[in-house]
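Note sheet for the following structure.
We use all heavy atoms of the structure for the numbers below, so side chains are in, but hydrogens, waters and symmetry mates are not. All chains are named by letter (A, B, ...) in the order of the sequence lines, taking the proteins before the strands, and each is independently numbered beginning at 1.
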Amino acid sequence: MITLSSDFGSPYPAAMKGVALQRTDARLVDVSHEFPRQDVRAAAFWLREILPYFPPATHLVVVDPGVGTDRAAIAIEAGDHVLVGPDNGVLLPAARELASAADDAEAATSAEANAIRVHEIGYENAESSTFHGRDVFAPAAAAVHESWDADRTVPDAVDGLGDVTPTDEFVDLELPEPAIEGDAVRGEVLVVDDFGNAITNVPGYVLDGLDEVRVDGRAVPAVETFAEVPEGQWLATVGSHGNVELDVNRGRGDEAFGLEAGDSVRLKL
Amino acid sequence: MITLSSDFGSPYPAAMKGVALQRTDARLVDVSHEFPRQDVRAAAFWLREILPYFPPATHLVVVDPGVGTDRAAIAIEAGDHVLVGPDNGVLLPAARELASAADDAEAATSAEANAIRVHEIGYENAESSTFHGRDVFAPAAAAVHESWDADRTVPDAVDGLGDVTPTDEFVDLELPEPAIEGDAVRGEVLVVDDFGNAITNVPGYVLDGLDEVRVDGRAVPAVETFAEVPEGQWLATVGSHGNVELDVNRGRGDEAFGLEAGDSVRLKL
Amino acid sequence: MITLSSDFGSPYPAAMKGVALQRTDARLVDVSHEFPRQDVRAAAFWLREILPYFPPATHLVVVDPGVGTDRAAIAIEAGDHVLVGPDNGVLLPAARELASAADDAEAATSAEANAIRVHEIGYENAESSTFHGRDVFAPAAAAVHESWDADRTVPDAVDGLGDVTPTDEFVDLELPEPAIEGDAVRGEVLVVDDFGNAITNVPGYVLDGLDEVRVDGRAVPAVETFAEVPEGQWLATVGSHGNVELDVNRGRGDEAFGLEAGDSVRLKL
């Protein structure tokens, strides 16, 4: 199975699928091609939240503001999964989560169990410098999938692209941590979803036992489900990802709270 | 085969797919994840129009304004199909249509032939109360599919969720009927499609033999195909679903007629 | 494998998939259902650019402003591929490209090698006149796929529709050619992609060796990759399709240049 994620919209993902299907019979599953354009951090967040729900797979990710520069292409082994994409950090939070989940599952006894292993994929023979999704990452993902699916290895080379070599150098990315001091929390909106939920980096436990929280100075009910407040009412809740999110029952939280991805937000518990 | 329908946009449906693929190798086919947000009636209409074109399948539907309340999760047997979703009526018009089509096909001799059978799916062990699509309906659909595909039965329980029990209590939903008195029809716009066609609940036969119809007082050509009128011309026609729809050739009927889903509309034949 | 392309948005493509899956177990791959509405030329361009990346397949295409008129339904043999859609030219540029690629690949010795073969698909028994995607093209594509996949033939008839007969009469479409005289080029914007890149019909070689080009009188850097200019900077580059495109690094070229599909554009090299 190969999952596909990008910020391409339509129809460019189809070219990636065609290229992959020239090289593999794998099942293809779209995660999203509507990730916020060139927003590496937002994609990293979504991938970390969604990929762990998949069975072992190859995850092809192309959110790549650096296309055409000499940023590397990489593959990352993470538990039973392998990720393929640009070396800009977008794969890292998901890779760590996948490796760590494997670790938990196996009650690992070695310190290396949840390690990730990064490989650089050479692409000096790529056809174009403007559409690496089609000309680098799709053929790489197909080759990695064939090898991974057969025996959980990453291939030594990708036909028509170049060699694949282990590396310790890669661009890391950690999603920002909130500052929690007593009852004061300073967090950040990581993404706004299609429902208008403003999803923060603040862990859900801060709302434990609270009926109300102040958000940027305004008192807002802290609830378990949207349905606890009337339609149109602002609320803070713990989303399916375990973080605090700010929303409006049957409305858009981002608009009501005046928040977008990257904005900081103060909570008073 | 499992079809997936929701009002989730992107990327939440991918989490549902991952969960399902942990549990089944079934083919997954998206019906739509762009149903009008939390509009149970619009989704019910589209499902009734589209699902009967599929071969026998499990249909997973999540349009669920009541997520987080104690509304039940249900599975409905309907002919060779089975539907899984929230107990808010969204499944009912499609279930009846599927059961009735099976009835027609089999020239049934028993009164029960086109009956639907409803089962409640317990989910007291669900992981979250905010994302039932991922944590309740996707695992339920996978379990139902495995059982249905094997021998046309619904399972007694879903691993990790709870028991599945037959029930006679469920939320019903019937799409509104038009009032037809002589040449005066009072109907309603059920949905507006992506082309801007305002699709009403008025059966197409009312246009039989007519060249013109008055829509909210305005004379409009009644035609068989858009191409019969010039570009930009308003028209009434019988859509692929068999209902009267109001449109503009190469334009948007909803904007021209000033109609949206839920609006009433008067036709004078 | 059947690929699906249309301007239908959502959820109408699902009805086509259901119909196809009643008749075949083929893998279904969406190319796009977001092609610009009723823009035959834009779809023809995208299909020509994308379909050659696929392995041998049946390509179902429904961009069909003439639905409901008596325009024919056709199937075109092109190399190892076959295309099914309306007889309005939308299939032709892709068909020629696929036939020509097959020719190249086989180092053909006969003049017929890259010929396309067109067949008319009768549909006098179609269920509706308003949704040919569902009632004509989907069943036709499924039948053509089954036959093509088995032995690279087109069937003599489609069950429930009508006969399939070879024809020499079909609507042709050639994408417009630019006028290149010395250092003056008059081209045209063929499509604008989701990133806002204005993709012209001007072949990329005209930029060879240039650092700058005048676009409608304005000096613009000619670069190999977006990353060569600062964010927000206008640029001309050669896109992945080999044509000149006009864009803004991390911005929208169509808005900056004031261009949309169909607009003419003057380049001074």
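Of residues 239-262 of chain A, those residues with a non-hydrogen atom less than 4.5 Å from any non-hydrogen atom of chain B are, in numerical order, A/Gly239, A/Ser240, A/Arg250. Using a 4.5 Å cut-off between non-hydrogen atoms, the part of residues 30-58 of chain A that approaches chain B consists of A/Asp30, A/Val31, A/Ser32, A/Glu34, A/Phe35, A/Trp46, A/Ile50, A/Pro52, A/Tyr53, A/Phe54, A/Pro55.
With ring centers used as reference points, A/Phe195 lies 6.0 Å or more from A/Phe226.
For the atom pair OG1 (B/Thr167) and NE2 (B/His119), the distance works out to 10.0 Å, reported to the nearest 0.5 Å. How far CG of B/Leu98 is from CG of B/Asp80: 9.5 Å, rounded to the nearest 0.5 Å. Between the CD atom of B/Glu177 and the CG atom of B/Asn201 there is a distance of 7.0 Å, given to the nearest 0.5 Å. We find the CZ-CG distance between B/Arg23 and B/Leu21 to be 10.5 Å, quoted to the nearest 0.5 Å. Interatomic distance, CD of B/Glu188 versus OG1 of B/Thr200, reported as 9.5 Å (0.5 Å rounding). Between the CZ atom of B/Phe8 and the CG atom of A/Asp193 there is a distance of 10.5 Å, given to the nearest 0.5 Å.
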message = Quick one, B/Asp163 with B/Thr165, criterion side chain to side chain donor-acceptor pair (under 3.5 Å). Give me CA distance, side-chain angles, the key distance, then yes/no.
response = CA-CA 6 Å; B/Asp163 289 341; B/Thr165 47; over 6 Å; no
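The choice from B/Met16, B/Gln22, B/Lys17, B/Arg27 that makes the most heavy-atom pairs within less than 4.5 Å of chain A is B/Gln22. Across B/Ala15, B/Ala14, B/Ala20, the residue that shares the most heavy-atom pairs under 4.5 angstrom with chain A is B/Ala14. Of the listed residues (B/Pro13, B/Ala138, B/Pro65, B/Gly9), the greatest number of heavy-atom pairs within a distance under 4.5 Å of chain A belongs to B/Pro65.
Closest approach of B/Thr69 to B/Gly66, counting heavy atoms only: OG1-O, 2.5 Å. The nearest pair of heavy atoms linking A/Pro178 to A/Gly187 is CB-CA, 4.1 Å.
Looking at B/Glu146 and B/Thr24, their side chains do bring a donor and an acceptor atom within 3.5 Å of each other.
With A/Asp7 contributing its side chain and A/Asp64 its backbone, the two residues share no donor-acceptor pair below 3.5 Å.
Proximity to chain A is limited to the side chain of B/Arg134, based on heavy atoms less than 4.5 angstrom apart. Neither the backbone nor the side chain of A/Val223 comes within less than 4.5 Å of any heavy atom in chain B.
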